[in-house]
Amino acid sequence: LPRLLADHCPATRFAIITDTQVAALHAEAVRAALSARTDVLVATFPAGEKSKTRETWAALSDRLLEAGMGRDAAILALGGGVVGDVAGFVAATYLRGIPYVQLPTTLLAMIDSSVGGKTGVDTTAGKNLVGAFHQPRLVVADVATLKTLPSAHLAAGLAEALKHGAIADRPYFERLVAARDRLMDRDVGELASAVTESVRIKVLVVLGDEREQGRRSILNFGHTVGHAIETASGYSLLHGEAIAIGMVVEASIGVQLGVTDRGDAHALTSALEQFGLPVSVPAGMDHDHLLDAMGHDKKARAGVIRLSLISKLGYPAKRDGESWTTAISADVIRKALRNTG
Ligand SMILES: NC(=O)c1ccc[n+]([C@@H]2O[C@H](COP(=O)([O-])OP(=O)(O)OC[C@H]3O[C@@H](n4cnc5c(N)ncnc54)[C@H](O)[C@@H]3O)[C@@H](O)[C@H]2O)c1
Ligand SMILES: [Zn+2]
């Protein structure tokens, strides 16, 4: 870490921003890795999505101001996606922007949220509504930190990894399934190659198109339905768990339309199940309510529900000259929700 920082993010002072849970487990190792001569502040906030607010952003900014951090300082965001998003937003705005480094400690943060430069906080009107693009100077994903991550969070991260395989790389998808036991046992070699492959796919897709309605919308596979389910669960489902169900529903929609290969849809469901992920819409969820939420999804255009489907495992559904997304009727979605119940 000190060598990487010297090369990519030299600073005379560092603020380690982390949450209470990660602080207890990993903050000391990071602090110890920095030279004794370096001035280090550790600023923590209570773990959990409920802390991803403007209030936390303000409190952290005030901590840095009180410590007299200047433009020669840099922020180290140590934790999961919540820490990365809030700390990144502090870095984006503090003194009109200072450098920062992502030190992700959840699999989701390693393969998704630490890459791409999106930072921000939630408001009562919805998630991620206030924020900024601010690229980290460096992302250091030490998969050894995943040894302390609860299994449900590890599996939820693997749902996103399986998504990467499903939209872009079938052999990767199959390797993940074959490596299930080693991944869940937190074999560092296996985890490191999954992080490498997933980041490679995310970067290729994002670089392939800077615009959300273009090719990068394939990253939304499972997310339009998944977000609605995540919200309807009152966030009792982890993001990756809701996305697992979302992928199963969206694959079933694709099968109905003759777009998605039926055998591959089954293979996807079975893979998610093998990782202990949920694959059916929770009983008691109101399907009309879910449809309503999908229409209000940030990415829905003018209330029309458009989905990024796959044709086969490893291939997004797109024929030459057509859109990366497909408009889907409410009836087709209702039927898929019923079939997946
Ligand atoms: N910026 C982006 O592009 C982007 C993309 C996807 C998701 N996100 C955001 O990411 C957030 C979710 O991230 P998350 O799932 O990492 O949640 P999180 O940051 O809340 O972490 C989950 C829990 O695990 C704990 N934890 C973290 N690392 C640990 C470790 N190594 N050992 C033990 N416990 C550990 C945390 O304290 C927390 O309680 C959401 O707010 C979402 O909006 C952002
Ligand atoms: Zn996601």
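Read the numbers this way: they start at 1 and go in the same order the structure lists the ligands and their atoms.
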**OP:** Assign the ring pair His134 / Tyr100 to parallel, tilted or perpendicular, where the plane angle (0 to 90°) is split at 30° and 60°.
**Re:** parallel
Subject >> Region of Leu25 that comes within reach of ligand 1 [heavy atoms, distance under 4.0 Å] >> reply: side chain
Original post:
Applying a 4.0 Å heavy-atom criterion (strictly less than), which segment of Asp85 is in contact with ligand 1: side chain, backbone, both, or neither?
Top reply: side chain
Original post:
Once you round to the nearest 0.5 Å, how far does CG of Leu309 lie from CG of Asn220?
Top reply: 11.5 Å
Original post:
salt bridge (Lys or Arg N to Asp or Glu O under 4.0 Å) with Arg31: which residues, sequence neighbours excluded?
Top reply: Glu28
Subject >> Closest protein heavy atom to atom 21 (O) of ligand 1, given as residue, atom name and distance to 0.1 Å >> reply: Thr106 CG2, 3.7 Å
Original post:
Among Thr18, Ile17, Leu5, whose side-chain contact (heavy atoms from CB on, under 4.5 Å) with Leu76 holds?
Top reply: Leu5
**OP:** Note the single closest protein heavy atom to atom 26 (N) of ligand 1, along with its residue, its atom name and the distance in Å.
**Re:** Val22 CG2, 3.7 Å
Subject >> Within-2.8 Å protein N/O/S contacts of the Zn ion (ligand 2) >> reply: Glu160 OE2, His223 NE2, His239 NE2
**OP:** Just let me know how Asn128 lines up against ligand 1, side chain, backbone, both or neither, with a heavy-atom cut-off below 4.0 Å.
**Re:** side chain
Original post:
Looking only at heavy atoms, is any part of Ala47 under 4.0 Å from ligand 1, and if so is it the side chain, the backbone, or both, or is it neither?
Top reply: side chain
Original post:
What protein heavy atom sits nearest atom 14 (P) of ligand 1, and how far off is it?
Top reply: Gly81 N, 3.5 Å
Subject >> Neighbour count above 12 (heavy atom, 6.0 Å) for His289 NE2 >> reply: no
Subject >> Distance (rounded to the nearest 0.5 Å) between Arg200 CZ and Tyr172 OH >> reply: 9.0 Å
**OP:** Number the atoms of ligand 1 from 1 as they appear, then name those within less than 4.0 Å of a heavy atom of Lys118, with their elements.
**Re:** 1 (N), 3 (O)
Original post:
Is there a salt bridge (Lys or Arg N to Asp or Glu O under 4.0 Å) between Lys118 and Asp85 once you walk through the steps?
Top reply: CA-CA 7 Å; Lys118 287 186 187 175; Asp85 283 9; over 6 Å; no
Original post:
With a cut-off of 6.0 Å (strictly less than), are more than 12 heavy atoms of other residues, nucleotides or ligands near CZ of Arg54?
Top reply: no
Subject >> Residue, atom name and distance, where the atom is the protein heavy atom closest to atom 28 (N) of ligand 1 >> reply: Thr105 OG1, 2.7 Å
**OP:** Give every residue pair that meets the salt bridge (Lys or Arg N to Asp or Glu O under 4.0 Å) criterion with at least one member in residues 237-263, sequence neighbours excluded.
**Re:** Asp261-Lys312
Original post:
With His153, which residues qualify under ring-ring contact (aromatic ring centres under 6.0 Å, His included), at least two apart?
Top reply: none
**OP:** Could you tell me whether Val82 approaches ligand 1 through its side chain, its backbone, both or neither, with non-hydrogen atoms closer than 4.0 Å?
**Re:** both
**OP:** Check each atom of ligand 1 against the heavy atoms of Asp19 and keep those under 4.0 Å away; list them by number with element.
**Re:** 36 (C), 37 (O)
**OP:** Among all protein heavy atoms, pick out the one at the shortest distance from atom 35 (C) of ligand 1; state its residue, atom name and that distance to 0.1 Å.
**Re:** Leu149 CD1, 3.7 Å
**OP:** Run the numbers for me: atoms of ligand 1, each under 4.0 Å from some heavy atom of Gly80, listed by number.
**Re:** 16 (O), 19 (O)
**OP:** Give the numbers and elements of all ligand 1 atoms closer than 4.0 Å to a heavy atom of Lys127.
**Re:** 40 (C), 42 (C), 43 (O)
Original post:
Identify the closest protein heavy atom to atom 22 (C) of ligand 1: which residue and atom is it, and at what distance?
Top reply: His153 CE1, 3.4 Å
**OP:** Report the C-alpha separation of Phe14 and Ile75 in whole Å, then their side-chain angles, then the decisive distance to 0.1 Å, and conclude whether the side-chain contact (heavy atoms from CB on, under 4.5 Å) test is met.
**Re:** CA-CA 6 Å; Phe14 286 100; Ile75 288 173; over 6 Å; no
Original post:
With a 4.0 Å heavy-atom cut-off (strictly under), which part of His26 contacts ligand 1: side chain, backbone, both or neither?
Top reply: side chain
Original post:
Judged by non-hydrogen atoms, does Leu146 sit under 4.0 Å from ligand 1?
Top reply: no
Original post:
Hey, which atoms in ligand 1 end up nearer than 4.0 Å to a heavy atom of Leu108?
Top reply: 7 (C), 10 (O), 12 (C), 13 (O), 14 (P), 15 (O)
Original post:
In terms of atom number and element, which parts of ligand 1 are under 4.0 angstrom from non-hydrogen atoms of Gln21?
Top reply: 25 (C), 34 (N), 37 (O), 39 (O)
**OP:** Find all atoms of ligand 1 within a distance of less than 4.0 Å from any non-hydrogen atom belonging to Glu49, and give their numbers and elements.
**Re:** 40 (C), 41 (O)
Original post:
Same cluster for Ile245 and Ile305 if Ile/Leu/Val/Met/Phe/Trp/Tyr side chains link at under 4.5 Å?
Top reply: yes
Subject >> Thr148 contact mode with ligand 1 (heavy-atom cut-off under 4.0 Å) >> reply: both
Original post:
To the nearest 0.1 Å, how far is atom 4 (C) of ligand 1 from its closest protein heavy atom, and which atom is that?
Top reply: Ser113 CB, 3.2 Å
Original post:
What about Asp112: any of its N or O atoms under 3.5 Å from an N or O on ligand 1?
Top reply: no
Original post:
Between CH2 of Trp324 and CD1 of Ile167, what distance do you get to the nearest 0.5 Å?
Top reply: 10.0 Å
